Amino acid sequence: MHADAAREHDAEPAPERAVDVPSATASIWHGGLLSPLNLAAYATWLPVALVMLASARRDGLDRGELFGLGCLLGFMALFLTRIAMERAPALHDRWCASLLLAQGALALLATWLLRGGMGAILLVLVAVQLFAALPWRRALGWLAVFNLGLVAIWRFGFGLEWARVPLELLPILGFQAFAGLTAHYATAIERTRDELARVNAQLLATRRLLEESARGEERLKLSRELHDVAGHKLTALKLNLARLHRNGDAPVREEVTIAAQLAHELLDDIRAVVGALRRHDGIDLRGALQTLTARIPGPRFCIDVSDDARPGSVAAAETLLRCAQEAITNALRHGHPREIAIVCRRESGGVTLRVLDDGAQAPELTFGNGLTGMRERLQQLGGTLHVAARAPRGVELVARLPAGV
């Protein structure tokens, strides 16, 4: 009986529906070497390279033109290298700007050495990558430097008259502006979608906590009703049956003995059900953590929550949930881990939450606004927050709440 009652009141709710969004590290170039945007880049580079090479071969290739051909090949090699580095986000973030600046420099060198005006089209590819990867002010600044270099090559390398420079440059600037703005707004849209995904996951996890709190209150109310009402009346019935059984003046019938035995067994069953319900006091964090991590692609999440690790209030459960959320956000933003483990245990009467990742090696730990806010929320409940680097790589966050919270 008590097992059925426990299953009924601990039944899992229907799964939440969430918005399907890309990962937090998504890029407009995602999809690998053969993504549509990358294929368009190859289709742009190839005819430019062929036209510049054909122009140079009319008089035979000299040493400078051979070096220019190497610059064209180096441009595409750096482009492919940057795409390949997207699989290692930490490495990509460190070297992306350098790769883009090197591409711009090689495009200018190829234009100068091969004496081909088509080389300016390569700066359109550079513009797309700059505005997708860097803040727009930095991207605009570097693009201005490259265009000034292009003007210098046209004027002093090719002898182009100053009057013709604006006529040649304005179409190139128009293409660059169109490509750069498209990349900038596409990246901004993806970041907005990522933020909406995080907010959506937070709302779903909070709703899961509220549902679990409501179920906990129902279990508590049911256990009290069974103990105070049914248990009290069954105890009184047992006493009366026992008194009747001991009454020597009345004949003891077999039905009285059976009734007393049934009353005793029923009272034991009710006590067992109340005990089972009491063991589920508090709020189960497992469902909320699963909801929070279900919509985050990229790393693999390992969630291990013991059955007795149940905070006693919604405020305590929400605080631990927000700590896990902040740890996950920091890991994705700074460490780019492949695996994140979330472990929740009851230790020394309190509840301890650990979030461990295998992200950056020897990370620099700084308490920003997020972690500082988490520490303050824990301290208001009498808890503590500890963050430390793991060996050989990654970060461990430990949030503790004392017993009775």
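Keep in mind the model is a prediction, meaning the values are calculated, not measured.
Minimum heavy-atom separation, Leu381 to Ala315: CD1-O, 4.1 Å. Shortest non-hydrogen contact noted between Ala327 and Leu397 is CB-CD1, 3.9 Å. The two residues Pro166 and Pro171 have their closest heavy-atom pair at O-CD, 4.4 Å. Of all heavy-atom pairs spanning Gly74 and Leu106, the tightest one is C-CD1, 3.6 Å. For the residue pair Cys344 and Leu285, the shortest heavy atom distance occurs at SG-CD1, 4.0 Å. For Ile340 against Ala331, the heavy-atom pair with the smallest separation is CD1-CB, 4.1 Å.
Applying the side chain to side chain donor-acceptor pair (under 3.5 Å) rule to pairs touching residues 100-117 yields Gln103-Gln129, sequence neighbours excluded. Sorted by first and then second residue, the salt bridge (charged side-chain N to carboxylate O under 4.0 Å, His left out) pairs with a member in residues 163-180 read Arg164-Glu168; sequence neighbours excluded. Evaluation of the salt bridge (charged side-chain N to carboxylate O under 4.0 Å, His left out) test over residues 366-383, restricted to residues two or more places apart or in two chains, returns none.
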Can you give the donor-acceptor pairs under 3.5 Å from side chains of residues 141-157 to other protein atoms, not counting sequence neighbours?
from: Asn147; atom 1: OD1; to: Gln176; atom 2: NE2; distance (Å): 3.1
from: Asn147; atom 1: ND2; to: Leu143; atom 2: O; distance (Å): 2.9
from: Asn147; atom 1: ND2; to: Gln176; atom 2: OE1; distance (Å): 2.8

With a 3.5 Å cut-off and sequence neighbours excluded, list the donor-acceptor pairs that the side chains of residues 351-359 form with protein atoms.
from: Thr352; atom 1: OG1; to: Glu347; atom 2: OE1; distance (Å): 3.4
from: Arg354; atom 1: NH1; to: Glu347; atom 2: OE2; distance (Å): 3.0
from: Asp357; atom 1: OD1; to: Gly359; atom 2: N; distance (Å): 2.9
from: Asp357; atom 1: OD1; to: Val395; atom 2: N; distance (Å): 3.4
from: Asp358; atom 1: OD1; to: Arg338; atom 2: N; distance (Å): 2.9
from: Asp358; atom 1: OD1; to: Glu339; atom 2: N; distance (Å): 3.0

(Q) With side-chain contact (heavy atoms from CB on, under 4.5 Å) as the criterion, how do Leu385 and Val398 come out once you've worked through the C-alpha distance, each side chain's angles and the decisive distance to 0.1 Å? (A) CA-CA 6 Å; Leu385 179 67; Val398 181; over 6 Å; no
Q: Decide side-chain contact (heavy atoms from CB on, under 4.5 Å) for Val387 and Glu396; before the verdict, give the C-alpha distance in whole Å, the side-chain angles of both, and the deciding distance to 0.1 Å.
A: CA-CA 6 Å; Val387 183; Glu396 178 182 18; over 6 Å; no
(Q) Determine whether Thr384 and Leu378 satisfy the following criterion, side-chain contact (heavy atoms from CB on, under 4.5 Å), listing intermediate values before the conclusion. (A) CA-CA 6 Å; Thr384 59; Leu378 285 166; over 6 Å; no
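Looking at residues two or more places apart in sequence or on another chain, you find a side-chain contact (heavy atoms from CB on, under 4.5 Å) between Ala179 and Val124, Val128. By the side-chain contact (heavy atoms from CB on, under 4.5 Å) test, Ala97 is found to be paired with Leu134, Arg138, residues two or more places apart in sequence or in another chain being considered. With sequence neighbours excluded, the residues that form a side-chain hydrogen bond (donor to acceptor under 3.5 Å, both in side chains) with Arg345 are Asp304. By the side-chain contact (heavy atoms from CB on, under 4.5 Å) test, Ala102 is found to be paired with Leu78, residues two or more places apart in sequence or in another chain being considered. Among residues two or more places apart in sequence or in another chain, the side-chain hydrogen bond (donor to acceptor under 3.5 Å, both in side chains) test is passed with Thr81 by none. Residues meeting the side-chain hydrogen bond (donor to acceptor under 3.5 Å, both in side chains) test with Glu318, sequence neighbours left out: none. Qualifying side-chain contact (heavy atoms from CB on, under 4.5 Å) partners for Glu326, counting only residues two or more places apart in sequence or in other chains: Asn330, Leu371, Met374.
When the shell of 6.0 Å around CZ of Phe175 is examined, it contains 12 or fewer heavy atoms from other residues, nucleotides or ligands. Around atom CZ of Phe158, more than 12 heavy atoms belonging to other residues, nucleotides or ligands sit under 6.0 Å away.
Figure legend: Arg63 and Phe67 shown without cation-pi pairing, the cationic atom not lying both under 6.0 angstrom from the six-membered ring centre and within 45 degrees of its axis.
In this structure, the separation between CZ on Arg322 and CD on Gln325 is 5.0 Å, given to the nearest 0.5 Å. Once rounded to the nearest 0.5 Å, the distance linking CG of Leu160 with CG of Leu167 reads 9.0 Å. For the atom pair Leu140 CG and His184 NE2, the distance stands at 10.5 Å (nearest 0.5 Å). Distance CZ/Phe131 to CG/Leu181: 6.5 Å, rounded to 0.5 Å. Interatomic distance, CG of Leu100 versus CZ of Arg82, reported as 6.5 Å (0.5 Å rounding). Considering CG of Leu125 and CZ of Phe79, their distance stands at 6.5 Å, rounded to 0.5 Å.
The shortest distance between side-chain heavy atoms of Ile342 and Ile328 falls below 4.5 Å. Side-chain contact between Leu80 and Met76 is present, with heavy atoms from C-beta onward closer than 4.5 Å.
Side-chain N or O atoms of Trp45 include one that pairs as donor or acceptor with a backbone N or O of Leu72 at under 3.5 Å.
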